[in-house]
There are 2 protein chains.
Amino acid sequence: MSESELSGGAVRGKNRGKSAKARAERHEALANLLAAEIQSGALSPGQWLKQIDIEERHGAKRMDVRRALDRLVQKRLVVHLPNRGYHVFKPDGRLAQEIRAVRVILETSAVDGIVARAREEDIAQAMRLARHFEALLLNGTAIDLHDANIAFHEHLLGLCGNLELAALVKELRGRISSAVAGQWQKRSRIEQSNREHLAMVEALAARDTEALRRLVGEHIQQSAE
Amino acid sequence: MSESELSGGAVRGKNRGKSAKARAERHEALANLLAAEIQSGALSPGQWLKQIDIEERHGAKRMDVRRALDRLVQKRLVVHLPNRGYHVFKPDGRLAQEIRAVRVILETSAVDGIVARAREEDIAQAMRLARHFEALLLNGTAIDLHDANIAFHEHLLGLCGNLELAALVKELRGRISSAVAGQWQKRSRIEQSNREHLAMVEALAARDTEALRRLVGEHIQQSAE
DNA sequence: ATCTTTGATATTGGCGCCAATTTCTCGCAT
DNA sequence: ATGCGAGAAATTGGCGCCAATATCAAAGAT
């Protein structure tokens, strides 16, 4: 098997200076980028994702595009039709409702752990994140608000002590954020979310489990339309 | 190897019958096959999955192997180390405990919907599945018992009215089934599970929500070691 | 004798090319 | 004019080849 005669010493294909790790995680980075674009609404539901477009737009290689799209299929963010291509998943109303119900179950159940484990500095951090969201109310982009909202909720959920639960909710949130991509079109709703964030932090600071549980449940259901 | 050589025929286009679909889903079938091997314990945790071995063993192409392995990474069944390869994920004790906790939350929350929606025929079917499990107590293989157990629980959960919740629990169960692959080694535990199945059906038939909730929670926690 | 270095081997991973398939376009017959 | 169908263009998907990297083995140095 070792008849590797290096014929023609011509140096072909110059290797890039990229590290191996960067290469290995390139498709993952692309998948996250596309996921963010979908969740932020930059890519609208139903839209076709042509491999060549992504390839050129993000300067990625064909293989990375394929693996990234395949990963998004796993995450149920895009749909794959063989020999037709990939398109952004158009969430069903029923699906969104069911996922919201699951989120209510998980996140309200997590409240006990959150209240039990939250230290003063954790609460202070939660307050900082809530205020950061508030600060973006005036002159923040939709994506900024989205990120700040995610950061707040992930911090809170991370306090519950069950990393799997937190990861699961994160995944679920990403699955329907595209469905309700336009949920923050109305400023009144953003402001309402902000008030609820602050109320949640207050309830946490007061160690009021029941109040926090109620607020969390309402906060999730509030995003329904 | 010539596949579709349409000689002299004016028929073109519409050849979407099965060959194309079979190709498109080949990697998915391989992924499911490998997942089953992992969950059944045929592939032990930590074991390296060399691409060439899988390729030859299952008569698959390299690409399908890669895609299947990548999919299993998404499912958290295998771990990928760049330039090192893929190996079967070795579940952590903490992870298993956290997933069990999430399952308790979800499945006990599903009880309300189950009791509310279960018709008499659904209960009868649950009883059939429980008895099928019982019938396998004596001369059924571990895999038979595993499948029968899955069938029982999936039927029950399917009654809750939230398809996403059911799918989520199914995924979670598959994620730690490898961890506790040897959970049915002790006959006493199998018999205990069987008794709990029957008790759950009884509670459902009696529409006793609280009893069913308690049984479900205990049944999940009981599988801990 | 043991540790280090260096070469050999095995395995993974990236990339380009072309076939398979679908979609588009335009000519043709009715 | 319109429906039909064949060729053309575009897109996806499969596959082999070779480079990059890790692992193994053996020779050499201290």
Side-chain angles (χ1 to χ4, degrees), chain A residues 1-31 34 47-73 78-88, chain B residues 1-31 34 47-73 78-88:
Chain A
M1 194 182 289
S2 65
E3 61 171 282
S4 61
E5 194 101 39
L6 291 180
S7 61
V11 181
R12 33 159 38 196
K14 218 50 195 111
N15 55 348
R16 321 280 154 156
K18 318 272 187 176
S19 68
K21 188 179 181 183
R23 278 189 199 172
E25 291 178 350
R26 206 158 38 180
H27 67 282
E28 199 164 346
L30 180 58
L34 290 175
Q47 181 173 350
W48 286 95
L49 301 171
K50 288 200 296 184
Q51 294 181 6
I52 289 188
D53 288 345
I54 302 173
E55 197 172 343
E56 294 173 347
R57 177 168 297 275
H58 296 94
K61 302 298 180 187
R62 174 63 62 98
M63 181 175 49
D64 293 321
V65 173
R66 286 190 203 171
R67 284 191 41 180
L69 288 174
D70 209 48
R71 185 160 291 207
L72 295 183
V73 170
V78 308
V79 179
H80 175 50
L81 290 84
N83 292 322
R84 292 283 309 277
Y86 299 81
H87 63 85
V88 180
Chain B
M1 295 295 186
S2 64
E3 295 182 324
S4 61
E5 190 104 20
L6 297 175
S7 59
V11 183
R12 44 173 291 137
K14 316 297 183 67
N15 200 11
R16 65 177 57 184
K18 54 179 176 179
S19 66
K21 187 179 181 183
R23 277 192 194 180
E25 292 178 351
R26 204 163 39 183
H27 61 95
E28 200 164 346
L30 180 58
L34 290 175
Q47 182 172 350
W48 286 94
L49 301 172
K50 288 200 296 183
Q51 294 181 7
I52 288 188
D53 288 345
I54 302 172
E55 197 173 342
E56 294 172 349
R57 176 168 296 275
H58 296 94
K61 300 298 180 184
R62 173 63 63 98
M63 180 175 45
D64 293 319
V65 174
R66 286 190 204 173
R67 276 225 246 180
L69 287 173
D70 209 45
R71 183 160 294 206
L72 294 183
V73 170
V78 308
V79 179
H80 175 52
L81 290 85
N83 293 322
R84 292 282 309 277
Y86 300 82
H87 64 85
V88 180

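Chain naming here is simple, since letters A, B, ... match the order of the sequence lines and numbering starts at 1 in each.
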Asks: Measure CG/B/L69 against P/C/dT11 and give the value in whole Å, please.
Replies: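 The answer, rounded to whole Å, is 15 Å.
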
Asks: Quick one: B/L49 CG to C/dT11 P, roughly how many Å, whole number?
Replies: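 Nearest whole value for this atom pair: 14 Å.
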
Asks: Can you measure from CZ (B/R71) to NE2 (B/H27) and round to the nearest 0.5 angstrom?
Replies: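 That separation rounds to 5.0 Å.
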
Asks: Take atom CG of A/L81 and atom C1' of C/dT23, then tell me their distance rounded to the nearest Å.
Replies: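 Going from CG in A/L81 over to C1' in C/dT23 covers 14 Å.
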
Asks: Quick check for you: to the nearest 0.5 Å, what is the distance between B/M63 atom CE and A/R66 atom CZ?
Replies: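 Here the interatomic distance stands at 7.0 Å.
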
Asks: Could you pull out all residues at least two apart from B/D70 that satisfy side-chain hydrogen bond (donor to acceptor under 3.5 Å, both in side chains)?
Replies: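 B/D70 satisfies side-chain hydrogen bond (donor to acceptor under 3.5 Å, both in side chains) with no other residue.
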
Asks: Ignoring backbone atoms, test whether B/R67 places a side-chain nitrogen or oxygen under 4.0 Å from the OP1 or OP2 oxygen of D/dG14.
Replies: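 For D/dG14, OP1/OP2 do have a side-chain N/O of B/R67 under 4.0 Å.
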
Asks: Could you say whether A/R66 or B/K50 is positioned toward the 5' end of DNA chain C, judged by the nucleotide with the nearest heavy atom to each?
Replies: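 Here B/K50 is the residue nearer the 5' end.
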
Asks: Where do B/L69 and B/V78 come nearest, in terms of heavy atoms and distance?
Replies: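 Scanning both residues, the minimum pair turns out to be O-CG2, 3.8 Å.
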
Asks: So what is the end-to-end bend of the helix from C/dA1-D/dT30 to C/dT30-D/dA1, with 5 pairs used at each end and the value given to 10 degrees?
Replies: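 Inter-axis angle at the ends, rounded: 10°.
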
Asks: Are OP1 or OP2 of C/dA10 and a side-chain N or O of B/Q51 less than 4.0 angstrom apart?
Replies: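 Checking B/Q51 against C/dA10: no side-chain N or O falls below 4.0 Å of OP1 or OP2.
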
Asks: In residues 58-65 of chain B, which residues come under 4.0 Å of DNA chain D by heavy atom?
Replies: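 Going residue by residue through residues 58-65 of chain B, the ones with a heavy atom under 4.0 Å of DNA chain D turn out to be B/K61, B/M63.
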
Asks: In whole Å, what is the span from the CD atom of A/E25 to the P atom of C/dG13?
Replies: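 Rounding to the nearest Å, CD of A/E25 and P of C/dG13 are 13 Å apart.
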
Asks: Look at the side chain of A/R84 and decide which nucleotide, out of C/dT12, C/dT22, D/dG13, has an atom nearest to it.
Replies: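 The listed nucleotide nearest to A/R84's side chain is C/dT22.
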
Asks: D/dA10 P sits how many Å from A/E55 CD, rounded?
Replies: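 In whole Å, D/dA10 P lies 16 Å from A/E55 CD.
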
Asks: Ignoring hydrogens and angles, are the base of C/dG13 and the side chain of A/R26 linked by a donor-acceptor pair under 3.5 Å?
Replies: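 Absent.
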
Asks: Tell me whether the OP1 or OP2 atom of C/dT12 has a side-chain N or O from B/H80 closer than 4.0 Å.
Replies: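 False: B/H80 side-chain N/O out of range (4.0 Å or more) of C/dT12 OP1/OP2.
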
Asks: Holding to side-chain contact (heavy atoms from CB on, under 4.5 Å), I want the full list of residues that pass it with A/H58, two or more places apart in sequence or in another chain.
Replies: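 In terms of side-chain contact (heavy atoms from CB on, under 4.5 Å), with neighbours along the sequence ignored, A/H58 is linked to A/L30, A/L33, A/L34, A/E37, A/I54.
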
Asks: List in chain and number order the residues that pass side-chain contact (heavy atoms from CB on, under 4.5 Å) with B/E56, two or more places apart in sequence or in another chain; answer none if no residue qualifies.
Replies: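 For B/E56 the side-chain contact (heavy atoms from CB on, under 4.5 Å) partners, ignoring immediate neighbours, are B/I52.
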
Asks: Rounded to whole Å, how long is the line connecting atom CD of A/E56 with atom P of D/dT12?
Replies: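 Spelled out: CD on A/E56 to P on D/dT12 is 11 Å.
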
Asks: Rounded to the nearest Å, what distance is computed from the CG atom of residue B/N83 to the P atom of nucleotide D/dA20?
Replies: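 Distance, rounded to whole Å: 12 Å.
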
Asks: Can you find a pair of side-chain heavy atoms, one from B/V65 and one from B/Y86, that are under 4.5 Å apart?
Replies: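 Contact flag for B/V65/B/Y86 side chains = no.
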
Asks: Return the set of residues passing side-chain hydrogen bond (donor to acceptor under 3.5 Å, both in side chains) with A/R62 (not counting sequence neighbours), or none when no residue passes.
Replies: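 Expected list: A/Q51, A/E55.
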
Asks: Measure OH/B/Y86 against P/D/dA22 and give the value in whole Å, please.
Replies: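 After rounding, the reported distance stands at 15 Å.
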
